[in-house]
Amino acid sequence: QTVTPSEPEIVNNPPQTETPKETAMVKDVKAKTISTITIKVEKLDVLMNISEELVLLKMKLKNSQAVDGNSQLKADIHRLDRLVTDLQFNVMQTRLFPISLALQPLPRLVRDVSQKTGKPTRLEIIGDDTTVDRTIIDHLNEPFVHMIRNAIDHGIEDPETRKKIGKPEQATVKIYAYTKENKVYIEVSDDGQGIDWDDFVQASIRKGAIDAETASKLDLEQKKRLLFIGGISTTREVTDVSGRGVGMSAVERAIKKLGGDILIDSKKGEGTKFTLRLPMTLAIMQALLVKINKQYYAFPSNEVIRSIQIKKENMQVA
């Protein structure tokens, strides 16, 4: 008996098709997967250094163009100018992060200090999506800690006192971040008792930071600067939270190191506001070029108050 092997059965399976919903989900996952990468800050610094060198080369070429007068060279330099500016801007953007990274520990800090001092306090944050250079974010933790501790420990009244003077028993510490004129502003304010500047000057005299005769000649702004002298505090009582007079001097050192400064606004009974004014980035800054006796000098633009043009006939040699 001969057995003829049967041909294998062929089953035409229809191709698996994705539903519109599944397709959208897959595309969304792929998009999220490739939308961001992790890169070391050192590599960004290298890119920034290269862009700075290109800027310097661009400026030299523009000066050469003024002498040469070649129209094609002029067009090429103009295009190079735009490309270098775009490169510089985009590299700088890679270093910017939301300031919320520096604010993350603060709700817990406020809660802990409130419990320790017996002063109920809520934290209000506005503008936490404001972007700033990552290097600056890494150095903001210490200033925030000192200002929050000072605000709650001896800036804010105890609940009973607040109730008697018509304030809510729960105090408020507010942090407001925003950008203005290529600078980042961070306001740290409270609705506490404020600073009596005359009392503070007397405390400075007692601590030996200033003599009575000099103190009598100080204006308000000069009195405010005393707040940053180490060893002087607005409170007479030293606690394990604050009161040693080192907090604000440490804050000023940290902010000055970042190329920023601090503004103070405080009225007795109405609270205190510290405004930190910082550069948006430490990687690069605009500069005003000045040529003196064939030598070029660069002045940071944020330090230039005003520039004026003086005619030669109005100049006098000293």
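This chain uses plain numbering: 1 for the first residue, then up along the sequence.
- The number of heavy atoms from other shown groups lying within 6.0 Å of CD (E213) does not exceed 12.
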Hey, mind stepping through D198 and K223 against salt bridge (Lys or Arg N to Asp or Glu O under 4.0 Å) and telling me if it holds? CA-CA 8 Å; D198 291 332; K223 292 176 182 179; 3.1 Å; yes

Dump the intermediate steps for side chain to side chain donor-acceptor pair (under 3.5 Å) on E187 and Y178, then the final yes or no. CA-CA 9 Å; E187 298 178 358; Y178 58 95; 3.1 Å; yes

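- One hydrophobic cluster, built from ILVMFWY side chains closer than 4.5 Å, cannot hold both M147 and L263; they sit in different ones.
- Although no hydrogens or angles enter the test, the distance criterion places no donor-acceptor pair under 3.5 Å between the side chain of T131 and the main chain of L96.
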Derivation of the side-chain contact (heavy atoms from CB on, under 4.5 Å) call for I210 and I229: CA-CA 10 Å; I210 191 172; I229 298 178; over 6 Å; no

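- In plain terms, the two heavy atoms of M315 and I310 that are nearest each other are CE-O, 3.5 Å.
- Not a single donor-acceptor pair under 3.5 Å links the side chain of N293 to the backbone N or O of Q295.
- Using a 4.5 Å cut-off on side-chain heavy atoms (C-beta onward), F228 and V251 make no contact.
- Within a 6.0 Å radius of CD in E313, more than 12 heavy atoms belonging to other residues, nucleotides or ligands are found.
- In this structure, Q193 contributes its side chain and E157 its backbone to no donor-acceptor pair below 3.5 Å.
- Residues meeting the side chain to side chain donor-acceptor pair (under 3.5 Å) test with D265, sequence neighbours left out: none.
- Of the candidates V145, L101, I186, L140 forms a side-chain contact (heavy atoms from CB on, under 4.5 Å) with just one, namely I186.
- When every heavy atom of T130 is checked against every heavy atom of A177, the shortest pair comes out as OG1-O, 3.1 Å.
- A donor-acceptor pair under 3.5 Å is formed between the side chain of N90 and the backbone N or O of D86.
- A salt bridge is defined here as a Lys NZ or Arg NE, NH1 or NH2 lying under 4.0 Å from an Asp or Glu carboxylate O, and E181 with R277 fails to meet this definition.
- One hydrophobic cluster, built from ILVMFWY side chains closer than 4.5 Å, cannot hold both V290 and Y296; they sit in different ones.
- One finds the CG atom of D191 at 10.0 Å from the OG1 atom of T272 (value rounded to the nearest 0.5 Å).
- Note on F144: it clusters hydrophobically with I264, by side-chain heavy-atom contacts below 4.5 Å among ILVMFWY residues.
- Using a 4.5 Å heavy-atom threshold, the side chains of D128 and P98 count as separate.
- Between K180 and K183, every side-chain heavy-atom pair lies at or beyond the 4.5 Å cut-off.
- Listed for the K257 side chain is no donor-acceptor partner under 3.5 Å among the backbone atoms of H139.
- In this structure, CD1 on I262 lies 10.0 Å from OG1 on T275, to the nearest 0.5 angstrom.
- In this structure, CH2 in W197 is found 7.0 Å from CG in L220, a value given to the nearest 0.5 Å.
- Under the 4.5 Å side-chain criterion, counting only non-hydrogen atoms from C-beta, I50 is in contact with V46.
- Note that CG of N141 and CD of Q104 are 11.0 Å apart. Values are rounded to the nearest 0.5 Å.
- Expressed to the nearest 0.5 Å, how far CD1 of I255 lies from CG of L276 amounts to 4.5 Å.
- Annotation: side chain of I125 is in contact with side chain of L123 (closest heavy-atom distance under 4.5 Å).
- With respect to the salt-bridge test (charged N to carboxylate O, under 4.0 angstrom), the residues R134 and D138 qualify.
- For D112, the CG atom sits in a packed shell: over 12 heavy atoms of surrounding residues, nucleotides or ligands are nearer than 6.0 Å.
- Judged by distance alone, the side chain of K119 and the main-chain N or O of I156 form a donor-acceptor pair under 3.5 Å.
- Side-chain contact between I126 and I175 is absent, with no heavy atoms from C-beta onward closer than 4.5 Å.
- The CD atom of Q115 sits 10.5 Å away from the OG1 atom of T121 when rounded to the nearest 0.5 Å.
- In this structure, L80 is a member of the same hydrophobic cluster as L289, with clusters built from ILVMFWY side-chain heavy atoms closer than 4.5 Å.
- For the pair S266 and G271, the tightest heavy-atom approach, listed with the atom from each and the gap, is OG-O, 3.3 Å.
- Residues P279 and D133 have side chains not in contact (no heavy-atom distance under 4.5 Å, counting atoms from C-beta outward).
- Between E221 and K224 there is a salt bridge, with a side-chain nitrogen of the basic residue lying less than 4.0 Å from a carboxylate oxygen of the acidic one.
- In terms of hydrophobic clustering, with Ile, Leu, Val, Met, Phe, Trp and Tyr side chains grouped at heavy-atom distances under 4.5 Å, Y176 and V110 are assigned to different clusters.
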List the steps, then state whether side-chain contact (heavy atoms from CB on, under 4.5 Å) holds for L227 with E252. CA-CA 10 Å; L227 192 64; E252 185 186 44; over 6 Å; no

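- S204 and L226 get closest at one heavy-atom pair: OG-CD1, 3.8 Å.
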